[in-house]
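Here, residue 1 is the first one in the sequence, and each next residue gets the next number. For ligands, and for the atoms within them, numbers begin at 1 and follow the listed sequence. Owing to the predicted nature of the structure, the values given are computational and were not obtained by experimental measurement.
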Amino acid sequence: MSIKMKNIICIVSLSIFLFHFAQAQFQRTPEQDSLFARMQRKTQADFEQMRKQLGLTVPNRPGPSGNPDAPNAANREESKVNSYTLPDPLLLKNGKKVKDAKTWWEQRRPEIVEDFEREIYGRLPQNIPSVSWQVVAVKDTIVGIFLGKEKTLKGVVDNAAFPSIKVEIEMVLVTPAKQQEAVPVVIEFGFIRSPFGNMPPITPIGLGSAGEPTWKEQLLSKGWGYAVIVPNSIQADSGAGLSEGIIGLVNKGQPRKPDDWGALRAWAWGASRAIDYLETDKDVDAKRLAIEGLSRYGKAALVAMAFEPRFSLGFIGSSGAGGAKILRRVFGEQVENLASSAEYHWFCGNFIKYASILTPNDMPVDAHELVALCAPRPVFISAGSPHVEGQWVDAKGMFLGGVHAGGVYKLLGKKGLESAEFPPLGTPLVNGEIAFRQHAGGHSTGPNWSTWIAWACRYWGNGKYFD
Ligand code: GCU
C-alpha cells in the first residue's frame with residue numbers, strides 16, 4: 001500500500017474515532033440534563049436580577065447568530081461594516097491631548113482603567129481574601145522528547161469569612177529538567193485534565209497541530225517553561241456560578257453589584273496570584289513571564305496583561321469580542337451576544353446596558369484601549385484563518401484593536417504594529433511591540449506558537465536549547 005493511501009486511511013480512522021468519541025462525551029444522562037436545566041434557570045434568574053438592579057425595563061437586543069446560514073447571521077462582509085468613531089486613547093476627559101508619558105501614566109491611563117472597571121470588566125473588590133500556595137507534588141515528566149520537572153500546585157483561598165464556599169486554584173508548572181538557572185515561563189489559561197473526560201494525559205509525540213511539536217514541547221526545547229492555570233478553579237464559567245467561586249466567596253454567595261468583577265477579571269486575578277507563587281519558585285525567572293489563552297481565555301489573557309504589570313509578554317489567541325476586537329465594529333460577534341445571559345458573566349453587570357438602553361457607540365472605551373493598557377509591554381494578537389476558524393472572532397477587528405493602540409506605544413517610546421493595513425493570511429507583523437499574525441489553521445493558537453516564540457526571543461533572549 002502506498003504511503004499516501006496509508007495516510008488517508010489513518011486520517012479517516014482518526015476522524016471516525018474522534019466523531020464517536022465526541023458523541024459519547026456529549027450524550028448527557030438524565031441527571032446531567034436536569035442539572036443543566038437547573039443551572040440555566042439559575043443563570044437566567046441572576047441575569048434578570050442584574051437587569052433589575054440596572055433599572056432596565058427595555059429587553060436586551062438579541063445578538064446575531066454565529067451560524068452563517070441563519071437568517072440573522074452575523075455580518076461577514078467587509079463592505080457591510082458600519083462606520084464608527086473610536087474614543088481617542090490620548091485625549092483626556094477634559095479635552096486636552098496627552099503629549100507626554102507622565103500625563104499618560106498619571107492621568108489618562110487611570111481614566112481608561114476606571115472606564116473599563118466600571119462599565120466593562122468590573123472592579124476587584126477591596127476585601128479579596130489571601131491565597132496560600134501549596135506544592136502538592138513534584139515529579140519528573142516527559143513532554144514529547146523533552147524531560148521536565150512538573151510541579152502540581154494548589155492556591156488555597158482563605159475562606160474563613162464564608163466557609164461554605166471553597167476556592168482552590170489549580171495550576172501545573174513544568175520547567176526543563178536540565179536547567180541550571182531560573183527560566184522564563186508562559187502561563188496558559190487552559191485545562192490540566194481534558195474537558196472531554198478520559199483523554200490520554202500526555203499528548204503523543206508530535207501530535208500538536210499539523211504534526212508539529214506541541215507548544216509545550218516547543219517551549220521546553222528552548223529551555224523555557226510553561227504553566228497551565230485552570231480558570232474554572234478560580235471562577236465558574238456561567239452566570240449560575242457567580243454565587244460561587246472567588247466572586248461568590250467575596251460576596252458571601254450574594255448577587256454582584258453592577259460594577260463588581262466578572263469572570264474575565266476574576267480569571268485574570270487568579271493569574272496574578274499565580275505570579276505571586278512563581279516569584280517564590282527558584283526555577284522560574286519571574287521577570288520573564290507571559291500570559292497566553294485562546295478565545296474566552298484569550299480575552300482573559302488580554303485582561304490579565306492589561307491589569308497586571310508583572311506580565312512581560314502577552315499571547316492573545318482569537319480573543320474576538322470582549323478581547324482585542326473593536327466592539328463598535330459590526331462584523332462577527334457583537335456586544336449583544338456578549339451581554340446576553342450566555343456570556344454576561346464574563347463582564348460586570350453595567351455592561352448589559354450596552355445591549356439595552358445604550359449601544360456599543362455609547363461605551364466610553366473600546367478594545368484598542370485595552371491593548372493600550374498593556375503598553376509599553378509587548379502583545380501578540382493571534383487569529384486563525386477565516387476559512388477554517390470562521391468569521392465570528394473577526395480577525396480584522398482584532399487587528400484594528402492593535403492598530404489603534406499604536407499611538408500609546410509610540411508615546412512611550414515603543415513601536416506599535418508595523419502596518420495599519422490588514423496583512424494577507426499568514427504574514428507575520430512582528431517588528432513592533434504590538435504583533436499580529438493570522439495563521440492558516442482553525443480556532444487555536446497552535447500554528448502561531450513558533451512565530452510567537454521567535455518574536456518573544458527579542459525580549460527574552462534566545463534561551464538555551466536542550467537536546
Ligand atoms: C463563543 C463566544 C466567544 C468565545 C468562544 C469561546 O463562541 O461567542 O466570545 O470566545 O465562545 O471561548 O470558545
Side-chain angles (χ1 to χ4, degrees), residues 22 25-26 40 43 47 60-70 72-76 120-121 188-191 194-196 228-232 234-239 241 262-268 270-271 291-305 314-348 351-352 354-355 360 363 366-367 370-371 381-386 388-399 401 438-439 441-446 448:
Q25 298 304 316
F26 293 123
Q40 282 210 311
T43 292
F47 181 68
N60 273 36
R61 295 183 303 276
S65 169
N67 172 2
D69 301 324
N72 62 336
N75 178 34
R76 287 177 300 137
I120 318 278
Y121 299 108
E188 173 173 273
F189 280 120
F191 306 94
S194 160
F196 305 113
V228 178
I229 184 167
V230 180
N232 272 306
I234 303 163
Q235 183 59 44
D237 194 356
S238 69
L264 291 171
R265 196 78 207 275
W267 294 337
I291 184 78
E292 181 259 353
L294 175 80
S295 214
R296 67 198 62 189
Y297 297 161
K299 307 181 208 297
L302 185 54
V303 173
M305 182 75 186
F315 185 2
I316 314 302
S318 297
S319 58
K325 172 216 157 79
I326 297 293
L327 287 168
R328 284 165 166 77
R329 207 176 111 90
V330 178
F331 190 107
E333 184 169 21
Q334 296 296 294
V335 165
E336 286 78 2
N337 301 98
L338 298 174
S340 73
S341 61
E343 298 177 358
Y344 78 105
H345 61 278
W346 293 339
F347 305 91
C348 65
F351 186 65
I352 301 175
Y354 297 98
M363 292 188 309
D366 209 315
L370 187 63
V371 179
I381 299 171
S382 166
S385 156
V388 191
E389 177 171 51
Q391 305 269 53
W392 189 239
V393 299
D394 185 9
K396 183 162 180 193
M398 295 188 276
F399 170 76
Q438 190 178 23
H439 63 67
H443 197 48
S444 164
T445 48
N448 262 346

Any side-chain donor near an acceptor of the partner, S318 and E389, under 3.5 Å: yes
Side-chain heavy-atom pair K325, V393 within 4.5 angstrom cut-off: no
With no hydrogens and no angle check, just 3.5 Å: does a side-chain donor-acceptor pair link S382 and H439? no
Any nitrogen or oxygen of E333, side chain or backbone, less than 3.5 Å from one on ligand 1? yes
To which protein heavy atom is atom 2 (C) of ligand 1 closest, and what is the distance rounded to 0.1 Å? E343 OE2, 3.0 Å
Taking the minimum heavy-atom distance to atom 5 (C) of ligand 1, which of G390, S340, S295 ranks first? S295
Heavy atom of the protein closest to atom 7 (O) of ligand 1 (residue, atom name, distance): W392 NE1, 3.2 Å
Is a donor from one side chain sitting under 3.5 angstrom from an acceptor on the other, for W346 and D237? yes
When you compare ligand 1 with S318, is there at least one nitrogen or oxygen pair between them that comes in under 3.5 angstrom? no
Residue, atom name and distance, where the atom is the protein heavy atom closest to atom 11 (O) of ligand 1: R296 NH2, 3.0 Å
State the OG-CG distance between S65 and N337, to the nearest 0.5 angstrom. 8.5 Å
